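Notes to accompany the following structure.
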Amino acid sequence: MDNFIWCPLGCGTGQVHYPGADQPLVYCPKDSRHFCFRHRIAWHYDYTCEEYDAFLADPQGFRSEDQRQRDAYRALELDHQRYRQKIADVEAQFARSLLREEEASEARRRAEQERLELEHRLAQERARREEEERRVQEARQQQARLEEEENMTRQYLRKYLIICIVRIAGQTTVGTEPIGSSYYTNTDSV
């Protein structure tokens, strides 16, 4: 019998494994464990039979398909991690550029606000100075009117005083004209 096999696990039982080497996984009911029909050892769970043969041929350099897939998965995961890091770096750079742009915009807004406030203050100062100049001008004009009125009053009083003095002193003429003449009696022209 070609497909008869003794259990290599040490229980001393044997059985016929009809699929043979085509399906090498054999179950031992006495041990409740699996073994390999082809290699006559406990089942090599991490390797297929072909991988186990390759392992036996080169134990130092051997990599099973599962190990290669894990390595490929790790490499892929590292690539994804690098890509995620690149994305995070780009997002951070973009956020910094947005922040710089926002700060620049805020600085422009503040500068514009300061410019407007300065213009407003200058306009207020200019208006205050103009108002002050207007008041000074009005005060000068008022002062000039008062001085003119005072001069006119002085002239009138001087003429009136002279007339009064002349009348009180009893003189009949002042200068070349008599006291009763229109020059001294006409107060409208004085």
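Just so it is clear, the model here is predicted, and its values are computed rather than measured.
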Any carboxylate oxygen within less than 4.0 angstrom of a Lys/Arg side-chain nitrogen, looking at [X] and [Y]?
X	Y	result
E114	R110	no
R108	E112	no
R145	E148	no
R129	E133	no
R84	E91	no
D89	K86	no
R134	E130	no
R128	E131	no
E50	R38	yes

Give the minimum heavy-atom separation between K30 and T13, together with the two atoms involved.
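So the minimum-distance heavy-atom pair works out to CD-CG2, 3.6 Å.
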Smallest separation among heavy atoms of I5 and C36, with atom names
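Shortest heavy-atom separation between I5 and C36 comes out as CD1-O, 4.3 Å.
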To the closest 0.5 Å, what do you measure between [atom1] ([X]) and [atom2] ([Y])?
X	Y	atom1	atom2	answer
F62	L56	CZ	CG	9.0 Å
L157	I163	CG	CD1	11.0 Å
K159	L161	NZ	CG	13.5 Å
L25	H44	CG	NE2	9.0 Å
R82	L78	CZ	CG	5.5 Å

Evaluate the criterion salt bridge (Lys or Arg N to Asp or Glu O under 4.0 Å) for residue pair E132 and R135; output intermediate values, then yes/no.
CA-CA 5 Å; E132 190 175 309; R135 286 182 183 168; over 6 Å; no
Start with the C-alpha gap between R140 and Q137, add the side-chain angles, then the distance that decides, and say whether side-chain contact (heavy atoms from CB on, under 4.5 Å) holds.
CA-CA 5 Å; R140 285 182 185 155; Q137 185 65 24; 4.2 Å; yes
Flag side-chain contact, heavy atom, 4.5 Å: Q93 against R96
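Heavy-atom side-chain distance check passes, below 4.5 Å.
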Determine whether M152 and E149 satisfy the following criterion, side-chain contact (heavy atoms from CB on, under 4.5 Å), listing intermediate values before the conclusion.
CA-CA 5 Å; M152 288 174 64; E149 287 176 6; 5.6 Å; no
Tell me whether [Y] is reachable from [X] by hopping between hydrophobic residues (I, L, V, M, F, W, Y) whose side-chain heavy atoms are closer than 4.5 Å.
X	Y	answer
F35	Y45	no
Y83	Y73	no
I41	Y47	yes
W6	V16	yes
F55	W43	no

Starting from the C-alpha separation in whole Å, work towards a yes-or-no answer on side-chain contact (heavy atoms from CB on, under 4.5 Å) for H80 and L76.
CA-CA 6 Å; H80 285 166; L76 185 61; 3.8 Å; yes
S105 (side chain) donor-acceptor with E101 (main chain) under 3.5 angstrom
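Answer holds: no.
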Q143-E147 side chain donor-acceptor pair, cut-off 3.5 Å:
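Distance-only check passes for Q143 and E147.
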Please test E51 against D46 for side-chain contact (heavy atoms from CB on, under 4.5 Å), starting from the C-alpha separation and ending with a verdict.
CA-CA 9 Å; E51 289 175 339; D46 291 338; over 6 Å; no
I need the single residue from H34, Q15, R40 that forms a side-chain contact (heavy atoms from CB on, under 4.5 Å) with V26. Which is it?
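So the option named by the test is Q15.
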